**Student:** 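Can you keep this structure in mind? I'll have questions shortly.
FYI, the numbering just counts along the sequence from 1. Owing to the predicted nature of the structure, the values given are computational and were not obtained by experimental measurement.
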Amino acid sequence: MILLVLLVDCVVGLALLGSLRWLRRQSGDIGFVVTLGVAVRAVLGLGLFWVSYLNLPILRSLQLGNGFWSVMIDATQYHAVASRAVESGLSSIAPGSASPFYTKLLSLWMRAVGMGPAAGLFLNICVFVGVCMLLVRLFRPTGQRRTDLPLLVVLLALSFLPGLIINATQPLKDDVFLALILLMCVAARALFRSMVGANGGVQWGAWGVGLAALVAIMYGVAGIRGYYAIIAWACFIVSLPAIVLLPPRRHTVARTTAAVLVPVAVWLGYWAGSGSYYWPNAADPEQVALESQADDRRLSPSTTFGEVSRLIDTARRGFVTSPGDTSLAPVSEVHPDPGGVVERSRLTALVIGVCAVVVPISVLKAVSIVQFDGGRGLLPISDIDTALMDLSLVALCWLTVRRRHLIGRDGGFVFFVLVLAVTTTALLSYVVTNFGTMFRLRYMAVAPLWTLALAIRPKLSSCAPEASVR
């Protein structure tokens, strides 16, 4: 068995090397960026593992031992659940447990490559390289730095944002979930493009493939963070009418048919992936008990706007009344009426939350917008992460405006990405009052914007190499 595991490790390692060589052939700049990103993750991840495993005199107050760290305590839980599943089978992972899709994936991975804590690092590196390869394949770089700049901006962000690097060093769900968001946007782009084919009609074959991929991805999204699947589903409903109303009008009926089927299928993906959080198994008392406690956060297509507002306020109240070391809002903000938070506080909370997402936290503390003493000495890292994240978004938005003439059939996709990013940012900013949690979750709002690079990729006919002068 050990020999088989070692063989799998060697095969995966060789596949990684082959992938990096392929990226190098597409573009020297791209190959260098991604390779360096892999190297940084590997060196830091292995370093953190051995420091904690050997209990070395480095940041001992943050060490949990056995390769784990207190600032990423969720990793110990995921690793424990996945390890039990390796020995007892995937059925030991309850549908209503924390992120069942990720723990099942991690269990299958550990069964193949080994059960050590470093298996999560290995998985995250493979996911990172796979995502980069997909983006490069879809963008089709020319090898000219100025032309490939949108893709380079995205790959630089994915490779070197401190938050992404830190998450990748441990068996955390964040890297897999970020990959699922990017895959969802890629599938949405294929789906939207198929609804406005070259002649303006629906390309049903491509539409079916795109929809099937989207449903499968939504299954994974719902199995990690079900609420994000709901957000994405709502954004599809808002965005699809824009596709239907595009000229020529003779294809309106076909587009309407395709548009109506999309949210239905996407909801089925959410329903299947969310497990007992959506539909408890009456034969399982534990699931029924879990569901009865989760009624305040369960959503269905018939949920009214007022109920959604109440659920959002309830979720925020949970953060406010259970403040951590990095709480962004005082407990007094909660209105004594069980109906929720006063209207003025809602606006104030939203503004403070948005600032925390996009402005370095040290700046907000310096001007007394937020006050907390936590962070375990990691606030400088979060400040660097915020600054680099903002730089990537500003650069990409500027490039999108400059190259808007290249968008063409991707207009619906761009609209969807913007709606998803704005909606996620608003909800995250209002609900989450703990910066430590927000620091991990804000990539949910940022990741869709990174896929804008695919909408402004150069047309192949316009970037052919110039004929050599003889």
**Student:** For the residue pair W204 and W207, categorise the inter-ring angle as parallel (less than 30°), tilted (30 to 60°) or perpendicular (more than 60°).
**Tutor:** perpendicular
**Student:** Before giving the answer on side chain to side chain contact (heavy atoms under 4.5 Å, CB included), spell out for F122 and V12 the whole-Å C-alpha distance, their side-chain angles and the decisive distance to 0.1 Å.
**Tutor:** CA-CA 9 Å; F122 198 11; V12 175; 3.5 Å; yes
**Student:** Measure from the ring center of W267 to the ring center of Y270 and say whether it is less than 6.0 Å.
**Tutor:** yes
**Student:** Are Y102 and F177 close enough that their ring centers fall under 6.0 Å?
**Tutor:** no
**Student:** Just by distance, do the side chain of S239 and the backbone of F236 share a donor-acceptor pair under 3.5 Å?
**Tutor:** no
**Student:** Just checking, any donor-acceptor pair under 3.5 angstrom between side chains of S52 and N66?
**Tutor:** no
**Student:** Mind checking the OG1-CG spacing from T386 to L364? Nearest 0.5 Å is all I need.
**Tutor:** 9.0 Å
**Student:** Examine the side chains of D385 and Y443 and answer whether a donor and an acceptor come within less than 3.5 Å of each other.
**Tutor:** yes
**Student:** Strictly distance-based, threshold 3.5 Å: is any side-chain N or O of S107 a donor or acceptor partner for the main-chain N or O of T103?
**Tutor:** no
**Student:** Which value, rounded to the nearest 0.5 Å, describes the distance between D29 atom CG and L23 atom CG?
**Tutor:** 12.5 Å
**Student:** For L106 and P171, which heavy atoms make the closest approach, and how far apart are they?
**Tutor:** CD2-CB, 4.2 Å
**Student:** Is it the case that the side chain of T423 and the backbone of L420 share a donor-acceptor pair, with hydrogens and angles ignored and the cut-off at 3.5 Å?
**Tutor:** no
**Student:** Measure the spacing between CD1 of I166 and CG of L161 and express it to the nearest 0.5 Å.
**Tutor:** 10.5 Å
**Student:** Given the rule in the ring pair (Phe, Tyr, Trp, His ring centres under 6.0 Å) test, do Y53 and W50 qualify, once you have shown the distances and angles that lead to the verdict?
**Tutor:** CA-CA 5 Å; Y53 188 82; W50 284 113; 5.7 Å; yes
**Student:** Between T76 and I73, is there a donor-acceptor pair closer than 3.5 Å when you use the side chain of the first and the backbone of the second?
**Tutor:** yes
**Student:** Decide, yes or no, whether a salt bridge links R440 with D74 under the criterion of side-chain N to carboxylate O below 4.0 Å.
**Tutor:** yes
**Student:** Measure across L182 and V131 and return the closest heavy-atom pair with its distance rounded to 0.1 Å.
**Tutor:** CD1-CG1, 3.4 Å
**Student:** If you measure from CG on D383 to NZ on K365, what distance do you get to the nearest 0.5 Å?
**Tutor:** 9.5 Å
**Student:** My understanding is that only one of L135, V153, D175 makes a side chain to side chain contact (heavy atoms under 4.5 Å, CB included) with L158; could you say which?
**Tutor:** L135
**Student:** Would V34 and F128 count as a side chain to side chain contact (heavy atoms under 4.5 Å, CB included) here? Give the steps.
**Tutor:** CA-CA 9 Å; V34 178; F128 164 69; 4.0 Å; yes
**Student:** Grab the two heavy atoms, one from A94 and one from P100, that are nearest each other, plus how far apart they are.
**Tutor:** O-CB, 3.9 Å
**Student:** Answer yes or no: are there more than 12 heavy-atom neighbours, outside L4 itself, under 6.0 Å from its atom CG?
**Tutor:** yes
**Student:** Answer whether the closest heavy-atom distance between the side chains of V51 and L59 falls below 4.5 Å.
**Tutor:** no
**Student:** Are the side chains of Q26 and R140 in contact, using a 4.5 Å heavy-atom criterion?
**Tutor:** no
**Student:** Which pair of heavy atoms, one from W450 and one from V154, lies closest together, and at what distance?
**Tutor:** O-CG2, 3.2 Å
**Student:** Should the heavy atoms of other residues, nucleotides or ligands under 6.0 Å from OH of Y219 be counted, would the total exceed 12?
**Tutor:** no
**Student:** Is there a donor-acceptor pair under 3.5 Å between the side chain of T424 and the backbone N or O of A421?
**Tutor:** no
**Student:** Closest heavy-atom contact between D410 and A455?
**Tutor:** OD2-CA, 3.6 Å
**Student:** Run the side chain to side chain contact (heavy atoms under 4.5 Å, CB included) check on R457 and D148 step by step: do they pass?
**Tutor:** CA-CA 8 Å; R457 64 181 181 85; D148 299 338; over 6 Å; no
**Student:** Sort and list the pairs that fulfil salt bridge (Lys or Arg N to Asp or Glu O under 4.0 Å) and have at least one residue in residues 34-59, not counting sequence neighbours.
**Tutor:** none
**Student:** For F32, look at atom CZ and say whether over 12 heavy atoms of other residues, nucleotides or ligands are found less than 6.0 Å away.
**Tutor:** no
**Student:** Search all heavy atoms of L441 against all heavy atoms of L428 and return the closest pair with its distance.
**Tutor:** CB-CD1, 3.7 Å
**Student:** Checking the side chain of H79 only, and the main-chain atoms of M115 only, is there a donor and an acceptor separated by less than 3.5 Å?
**Tutor:** yes
**Student:** Let me confirm one number: the CD1-CG distance from I217 to L183, rounded to the nearest 0.5 Å.
**Tutor:** 5.0 Å
**Student:** Could you tell me whether a side-chain N or O of W109 sits under 3.5 Å from a main-chain N or O of G120, the two making a donor and an acceptor?
**Tutor:** no
**Student:** For S27 and R145, test the side chains for any donor-to-acceptor distance below 3.5 angstrom and give the result as yes or no.
**Tutor:** no
**Student:** Nearest 0.5 Å, what's the CG-CG distance between L261 and L240?
**Tutor:** 10.5 Å
**Student:** Would a distance-only check, ignoring hydrogens and angles, find a side-chain to backbone donor-acceptor pair under 3.5 Å from W69 to L48?
**Tutor:** yes
**Student:** Is the positively charged end of R193 above the ring of F413, judged by distance under 6.0 angstrom from the centroid and angle within 45° of the axis?
**Tutor:** no
**Student:** Backbone N or O of A85 within a donor-acceptor pair of the R111 side chain at under 3.5 Å?
**Tutor:** yes
**Student:** Take V432 and L427 through the side chain to side chain contact (heavy atoms under 4.5 Å, CB included) test and state the conclusion after the steps.
**Tutor:** CA-CA 8 Å; V432 180; L427 291 174; over 6 Å; no
**Student:** Would you say that more than 12 heavy atoms from the other residues, nucleotides or ligands in this model lie under 6.0 Å from the CZ of R60, or not?
**Tutor:** yes
